[in-house]
Amino acid sequence: MVMCPGCGLILPSTEEQLDERDHASSACRQVYDQLSAYTLSLQDVDFPHQFAVDTYAAQHAGTNLKPITLTFALVGLYLACEHNYTGRQVQRAHMLLAKTPKQWPSFRLPDTKATLSVLDVLNAPERETKNRHAPTMGDLQGCCKVGNNMAKGGIKQNLSSFRNG
C-alpha cells in the first residue's frame with residue numbers, strides 16, 4: 001500500500017515511486033490516467049475532462065508544481081463553482097489567461113487533504129446526465145473549498161487584473 005502525498009489516497013501498489021512533478025504516488029497517477037482516458041473518450045462538447053485536470057492539479061499542489069498550473073486549476077474550479085462554467089468555458093478562460101503576460105501568484109498550501117479523490121470520481125455511480133463523470137456541484141464545492149482556503153480572494157483579484165490589464 002502506498003499513500004499519495006498530494007491527495008492522501010491509499011492504494012495498493014507494487015512500486016513506492018512518487019511522481020515528484022505531480023506530487024502524487026504512481027498508483028494515484030494511474031487512476032487519474034484512467035479517469036482522463038474516460039473523460040476524453042466522452043467527446044462531450046462541454047468538455048468535463050477540464051474539471052478532472054483542474055481538480056487533480058489543485059489536490060496535488062506541491063513544491064514542484066509551477067505557479068501557473070495551480071493558478072489555472074484554482075481559476076477553473078472558481079469559475080465552475082461560482083459562475084457555473086462548463087469545462088469548455090473554463091478551457092477558453094485558460095486560453096485567454098495564457099495570452100496575458102503575468103507573474104503567477106504563489107498560494108499557501110492547505111494543511112488538510114481534500115475528501116474527494118480521483119478514485120471517488122472514477123468509481124462514482126453512473127449519473128443520469130450526459131456528463132456522468134463530470135463533478136457534481138457538491139463535488140466541485142468540496143474542491144473549491146480547498147481552493148478558497150488557498151486563495152482567499154486571490155483568484156478574484158487575479159481575474160480582475162486580467163480583465164483590467
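The analysis underlying the following values was restricted to heavy atoms, covering all of them including side chains, and did not include hydrogens, waters or symmetry mates.
Separation of atoms CG (Leu79) and CD (Gln91) is listed at 13.0 Å; rounding is to 0.5 Å. With rounding to the nearest 0.5 angstrom, the CE atom of Met95 is 13.0 Å from the OG1 atom of Thr100. In this structure, the separation between CZ on Phe47 and OG1 on Thr39 is 7.5 Å, given to the nearest 0.5 Å. In this structure, NE2 on His60 lies 8.0 Å from CG on Asp22, to the nearest 0.5 angstrom. His49 NE2 to Arg88 CZ: the interatomic distance, rounded to the nearest 0.5 Å, is 10.5 Å.
Scanning both residues, Leu70 and Ala58, for their nearest heavy atoms gives CD1-CA, 4.0 Å. When all heavy atoms of Val90 and Gly76 are compared, the pair lying nearest together is CG1-CA, 3.4 Å. Pairing each heavy atom of Pro67 with each of Pro105, the nearest pair is CB-O, 3.6 Å. Across Ser13 and Val2, no two heavy atoms sit closer than the pair CB-CG1, 3.4 Å. Of all non-hydrogen atoms in Trp104 and Leu97, the two that sit nearest each other are CH2-O, 3.6 Å. Considering all non-hydrogen atoms of both residues, Pro12 and Ala27 come closest at O-CB, 4.1 Å.
Counting only heavy atoms from C-beta outward, the side chains of Leu11 and Gln30 never approach each other to under 4.5 Å. In this structure, the side chains of His83 and Tyr78 come closer than 4.5 Å at one or more pairs of heavy atoms. Proximity of Met3 to Ser25: side-chain heavy atoms (C-beta onward) are nowhere separated by under 4.5 Å.
Between the side chain of Ser41 and the backbone N or O of Tyr38 there is at least one donor-acceptor pair closer than 3.5 Å. Checked by atom type and distance alone, the side chain of His23 never pairs as donor or acceptor with a backbone atom of Leu65 at under 3.5 Å. Within the 3.5 Å criterion, the main-chain N or O of Ala52 finds no donor-acceptor partner in the side chain of Thr55.
When only modelled atom types and interatomic distance are considered, Arg92 and Gln89 share no side-chain donor-acceptor pair under 3.5 Å.
Between Tyr56 and Tyr32, the ring planes are parallel. Angles under 30° get that label, and only those over 60° would be called perpendicular.
In the hydrophobic clustering of this structure, Ile68 groups with Val75; members are Ile, Leu, Val, Met, Phe, Trp, Tyr whose side-chain heavy atoms approach within less than 4.5 Å, directly or through other members.
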